Each structure stands twice: as C-alpha cells, then as structure tokens.
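Step one of this worksheet: look at the structure below.
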Amino acid sequence: MSTQLTLEQRKDRFEQSAANQKPRIVICAGTGCVASGSLKVYEQFRASLAKRNLDVSVVLEKEDEACNKADYAMVESGCMGFCQMGPLVTLQPQGIMYVKVTADDVEDIVEKTLIGGEHIERLLYACKDDNKPIHEMAKIPFYASQNRLTLALCGSIDAHDLDEYIFNGGYFQARRAVKELTDEQICQEMLDSGLKGRGGAGFPTGLKWDLTRKNKSDIKYVICNGDEGDPGAFMDRCLLEGDPHAVIEGMIIAAQAINAEHGYVYLRMEYPLAIKRLKFAIEKAREAGILGDNIFGSGKKFDIKIKEGAGAFVCGEESALISSIEGDRGMPTLKPPFPAEKGLFGYPTAVNNVETLATIPIIFHMGAKEYSKLGTENAKGTKTFALTGHVANTGLIEVPFNITLREIVGKIGGGVTNDDGSLCGCDFKAVQIGGPSGGCLTPEHLDLPLDYDNLAKVGAMVGSGGLVVMNQNTCMVKIAHYFMQFTQNESCGKCTVCREGTRQMLNLLEDICEGRATEKTVTLLEDLAQTVKHGSLCALGKTAPNPVLSTLNYFRDEVMAHVNDKKCPAGACESLAEFKIITEKCKACTICKRACPVDAIAGEVKKPESFIIDQEKCVKCGVCMPACKFDAIVKE
C-alpha cells in the first residue's frame, strides 16, 4: 500500500498535469458519436496538431513527462447527451461546442479557433426557429433547461482517467463511507435523501439497503443491474461509457451499507464499449487500492466482477438477473423471499440499477437534505431520460422530477417535428413513457408534473426513462402493436398467462391493424390485457398490457376507426390504406394500369373518368403511385 498514491495525491497530480492546465479538446466518444465517426475526428486532430509541431497530451500517455509541456490536452469523453447533433467537439475553457463535426472540419477548427480564436459559425448549433448560432454550450436550450447532476461528469471528463474523476471529487465519499461511517449511518443518509430506484420499480433505495443490512450473513452481494433492454433507452449505457467510476463508487458505498465484500455488474453483451470502459475502470481502481483486499487502506475487502448477459429483456427483473449470474436460465422466481433475504447464491443481496448507483456519490457529496430539496414530496432528485422520436433535439437528458412534458418536448427537445425532421409547430400527439412497460401521455398531460404518483394516476410510469415523442402521423394502434411484439418476444415463457396472453394480444392487435377486427375484438383485447396484468408472475407480464390499456383509454376513437370504418386516421396501416385516382389529374395514359401486378386498375385510353381502382383486388403494394407521372394517384 505504501507505493499507492492517496486520493489527495492523485488529485494534485491531475491538477498539475497538462490535461488540466492546457486548453482541452473534448471529443464525444459515446457509442452514438463513435458510430458517426468521432474517432476519425479524434485522429485528425492529433495529425493536424502534430503537423504544426504542437504537442498534445492524452490520458494514456500521461505518465510521460513530455505531456506536462503539451500545448493541448485531448479527451475522449463519454456521451455528451446531444446525440442528434453528433459528432460533438467541445473546446475548454472557452465553452464552445461544435456540432456534426467531420474529419474534414478539423483543419478549420485548429487554424481558425484554436490558433486564431475565431468561432466557426457553420459548426455552431442554431435553433431551428430563428437559425441563430449559439456561441456557448451552456446557452444551448438543450442544456440550459436541464439539471445535470448524475450526468455532470459524463461527457466532460476522460472516461479512462481515474485521476480526473478523483480531481472532480470522485471516491472521497466512498472513502468516507468505508473509514468513517457505520452501515446504519449510510442507510439513514439514503433514507433521508428519498432516492428511489431509477430502474423502473421506484422502490426506496435506503430501505432496500437497510433490509439487506439487517439480514445476518457472512456473505452478502451488491449487484449493479446494467441490463438495459427498453427500446429507445440508453441512459445506463451512456453512464457506464462516460463515468464508470461513479458506478463503482456507488457500489462501494452500497457494499459498506449492507456489509458486503463481493459485487457484480450485470451488463448485456450489446454494450461492448460500456463493458470495455468498465473493465478498464475496475482494473485502475484495483491498482489504486480502491478495490480489492484492502480498500483505502482500511483492511476491508470489496471487489467487482462483470457478468455479461445475452440480452434477454426479462433479465432486467432482479430475480431473473440473479438466476443468470448463477449460470441458470434467466427466469423470474416467486417472491418472497426477496433478494434482500435470499438473493445471489442464496445470500442477502442488494440489486440497484446503474443510474441509482451513479447518483449515490452525488447524494453523499451534497448531503441528503440538500438533495431531497429537488423534485417532489414522493419523487426526490433528478431523473435521466432518453429523449427520442419526432422531436428536434433527441438525446440523453437529466431533469428534476416535477418538470412537465411541455418543458421537455418544447424547450429541451426543441419542439415536435414532421417525419422529415422539420418543425411542425404544436403537432404533438403523444409520448410513450417507460418503454414497453409504460403508457401514453397525450396533449392533455403536457402540463402534468412528472413523478411516480402523477404518472401512475394516468396509467403510465417513469420506468427506466424512455421518452418517445410522436406526431400526428403516428398510428397509436401500431405503437401498441410494436411494444406488444417486443414483450411477447421477450417473455421467458415461464408462466402461461404471460406467454400465451401476450401472444393473443399481439394477434388481436394485428387483426385491428389489418382490418379483420370487430367490436368484440376490442372487448376481448381489453379483458385479456387485464388478465395478463393481474395474473403474470413478474413485472414484464404485469406491465406488458400498459401500452394497450393506455391506447384504449386515450385513443379509443382511433382504435374504433380501425375497427368500424376500416380506416387508419394516421394513414400508417398499409392494410387499411386506399389508393384512389384523381380524375382531374389523370391523363388516361394507362401506365398505372400496366404497372399494377394484380389488374386492380380499370379504364380506357383517353377517358380519365373511366379510371378506377378496385379496392377488393388492390393488394396495397403502392406500385401505381410512382408509375404515374402526373401525381394522379393518392393514398388515403
């Protein structure tokens, strides 16, 4: 231990390093920006600076004394959140953010901004309503309206640099928990904070820990649930990619609360970058004496292993997750006993999700009373959301509970868009919140303060934090069908009610979408949804009907239009579409008639009024529309 640096020494080392003192070029290296080419931008920066004989410091070369003389520090950060505008590059200390940067833009940035001190207007973000470029990242509406606590370091620090995390206050609260606080004090701090689990269930974190603490056992476990499987959700992935040490620190504090020496992080294999960075972070934490047999020189033990899951959505349920770690098929078990009593390998276990654990060091740093001032009476603090769909600014956001949908969609999201991405004013139809376990919120809910209780009252839930915005061109029946198809595919099949019920609900939704349904279909669907909700074993089955029930509740007229009128009001269900010929535009050229593969078009040459489409024969293939050179065929 004598050769290991203390936290204070590591903090001082980073403070004196070039990585902190020199101008910093921070390049988003989250999965989204990497997919868009940010690593090519990174390499181009290095090449461009080297061409000008300018030295650059990078974290993996930090032990080299030459880096302390560098002209610039380059950082591969995690997700900056503004995914719609990636790849992203920020320049510090100026606070400039350049959006949609390509390798071809690097020369201009180096020459004009880094050396010349000028802003490059074309690379700055501009709001769609006034098209004025914004020179400071903090003033971009997407960021200005957020309260980034858990995400404070994600996207601003180097995900590989242990010293930088420590410089920003990292691991000091874990050391305090290990060396100064009792297990009871730690649990009480969490109870006072009011933090509830961010994975979807919303169970009080402090209470979960306290129940686990009180169960006597020589062996206990802490599990980080990183099996993020909701369609459109990427909050946990981004945290693990951008700030993995925060999750590790949260696990250390949790371990001290329940007196555990062993930890597991359960991660789906679809997150290769998160796995890679977390492995690296664990390795560096071990080398620093933060994990291992003598953490912080206290004589206490705690270490972490990573378990890679195969990507089954049901393994997000804690008992199924535990079964998977144990080497069995990931299937839920009956409760009680709960994991706090009998969890991993039969020992008391505390299971928390990634966001919950990453928030814990912040609570201990702020103090429980200060943290509890954020949010509402029954929903304390902030929540991260993955904002996607028909909205101008998609990405990863963090907002306090009590915020409204109007603020999220209008201010942070920049407004609802058409299918082509252009702004469409207030053409808002719905938000699917909570993924396949959640429900729909409509225009009447735009000013509803978001928290656990308010959402439950309107048949929705916070869930893990997915927010999918939809415009008026969205068919709500198809959305319900999409989520039901997902949950049916992901059902483990253990209980008959879920296995067969979700399949039959999916079939009924298909009947509605394809025009085969009657009013009895809707009644049967509703009854079946209630049966699955109340009769399923685990949360997957119990919440699977939520999208269906909320659609029937808020969009019944749209459902009945499919059933009674055989029409899709949004025009999205191909089976219910009708192709018609506009006589005034028709030239009676017969091209459409010759193009139709099923002879559904009749008409005589030079007689436009004679051209019609037989709806009984039409197979809705749409071949006739592009064949017509006069736009005389429309789909209704």
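These numbers were taken from a predicted model, which means no experiment stands behind them. Only heavy atoms go into these numbers, but all of them, side chains included; no hydrogens, no water, no symmetry mates.
Here the side chains of L552 and V559 are in contact, with some heavy-atom distance below 4.5 Å. Taking the side chain as every heavy atom from C-beta outward, T521 and L524 never approach each other to under 4.5 Å. Using a 4.5 Å heavy-atom cutoff, the side chains of L537 and C498 are not in contact. The shortest side-chain heavy-atom distance between L441 and L450 falls under the 4.5 Å cut-off. At a threshold of 4.5 Å between non-hydrogen side-chain atoms, the residues I412 and N393 do not count as touching. The closest side-chain heavy-atom distance from M190 to L195 is below 4.5 Å. The side-chain heavy atoms of C513 and S575, taken from C-beta on, include no pair separated by under 4.5 Å. You'll find the side chain of R268 stays beyond 4.5 Å of the side chain of R237, heavy atoms only.
We find the CG-CD distance between N546 and Q432 to be 9.0 Å, quoted to the nearest 0.5 Å.
Judged as a ring-ring contact (aromatic ring centres under 6.0 Å, His included), the pairs with a partner in residues 210-247 (not counting sequence neighbours) are, in order, Y165-H245, Y171-H245, Y221-H262, Y221-F345. Applying the salt bridge (Lys or Arg N to Asp or Glu O under 4.0 Å) test to residues at least two apart or on different chains, the pairs with a partner in residues 446-460 are R406-D447. Screening residues 461-508 for ring-ring contact (aromatic ring centres under 6.0 Å, His included), with sequence neighbours left out, gives F313-F486. Pairs of residues two or more places apart, or lying in two chains, never qualify as ring-ring contact (aromatic ring centres under 6.0 Å, His included) while including a residue from residues 376-400. For residues 507-562, every residue pair satisfying the ring-ring contact (aromatic ring centres under 6.0 Å, His included) rule, not counting sequence neighbours, is listed here: H445-Y554.
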Mind running side chain to side chain contact (heavy atoms under 4.5 Å, CB included) on K429 and M476 for me, showing each step along the way?
-> CA-CA 9 Å; K429 185 169 188 176; M476 300 310 297; 3.8 Å; yes
Taking it one step at a time, do T31 and E241 satisfy side chain to side chain donor-acceptor pair (under 3.5 Å)?
-> CA-CA 8 Å; T31 294; E241 290 174 359; 2.4 Å; yes
With side chain to side chain contact (heavy atoms under 4.5 Å, CB included) as the test, would you mind laying out the steps for L239 and L151 before giving the verdict?
-> CA-CA 7 Å; L239 273 166; L151 297 176; 3.8 Å; yes
Step by step, work out the side chain to side chain contact (heavy atoms under 4.5 Å, CB included) result for L291 and F302.
-> CA-CA 6 Å; L291 293 175; F302 182 69; 3.8 Å; yes
With side chain to side chain contact (heavy atoms under 4.5 Å, CB included) as the test, would you mind laying out the steps for T487 and M484 before giving the verdict?
-> CA-CA 5 Å; T487 50; M484 186 53 60; 3.7 Å; yes
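Side-chain contact annotation: N353 with T356, donor-acceptor N/O pair under 3.5 Å present. A side-chain donor-acceptor contact under 3.5 Å links Q84 and T394. A side-chain N or O of Q188 and one of D192 form a donor-acceptor pair less than 3.5 Å apart. For the residue pair N418/N471, the side-chain donor-acceptor check at 3.5 Å is not satisfied. Between D230 and S464, the side chains place a donor N or O and an acceptor N or O closer than 3.5 Å (distance only, hydrogens not considered).
With sequence neighbours excluded, the residues that form a salt bridge (Lys or Arg N to Asp or Glu O under 4.0 Å) with R556 are E526. Annotation: salt bridge (Lys or Arg N to Asp or Glu O under 4.0 Å) contacts of E261 (sequence neighbours excluded): none. Partners of K279 by salt bridge (Lys or Arg N to Asp or Glu O under 4.0 Å), not counting sequence neighbours, listed by chain and number: E308. With sequence neighbours excluded, no residue forms a salt bridge (Lys or Arg N to Asp or Glu O under 4.0 Å) with E377. Under the rule for a ring pair (Phe, Tyr, Trp, His ring centres under 6.0 Å), the partners of Y452 that lie at least two apart in sequence or sit in another chain are F401.
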Quiz: residues 357-364 side-chain donor-acceptor pairs under 3.5 angstrom, not counting sequence neighbours:
from: T359; atom 1: OG1; to: T150; atom 2: OG1; distance (Å): 2.9
from: T359; atom 1: OG1; to: E355; atom 2: O; distance (Å): 2.7

Please list, one pair per line, the donor and acceptor atoms closer than 3.5 Å that link side chains of residues 332-343 to other protein atoms, with sequence neighbours excluded.
from: K335; atom 1: NZ; to: E317; atom 2: OE2; distance (Å): 3.0
from: K335; atom 1: NZ; to: E318; atom 2: OE2; distance (Å): 3.2

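Atom NZ of K566 is surrounded by more than 12 heavy atoms from other residues, nucleotides or ligands within 6.0 Å. Heavy atoms of other residues, nucleotides or ligands lying less than 6.0 angstrom from CD of E184 number 12 at most. Heavy atoms of other residues, nucleotides or ligands lying less than 6.0 angstrom from CZ of R516 number more than 12. Sparse packing is recorded around CD of E519, with 12 or fewer heavy atoms of other residues, nucleotides or ligands lying under 6.0 Å away. Counting heavy-atom neighbours within 6.0 Å of K620 NZ, excluding the residue itself, gives a total above 12.
When all heavy atoms of D227 and A312 are compared, the closest pair comes out as OD2-O, 3.0 Å. Of all non-hydrogen atoms in M505 and V532, the two that sit nearest each other are CE-CG2, 4.0 Å.
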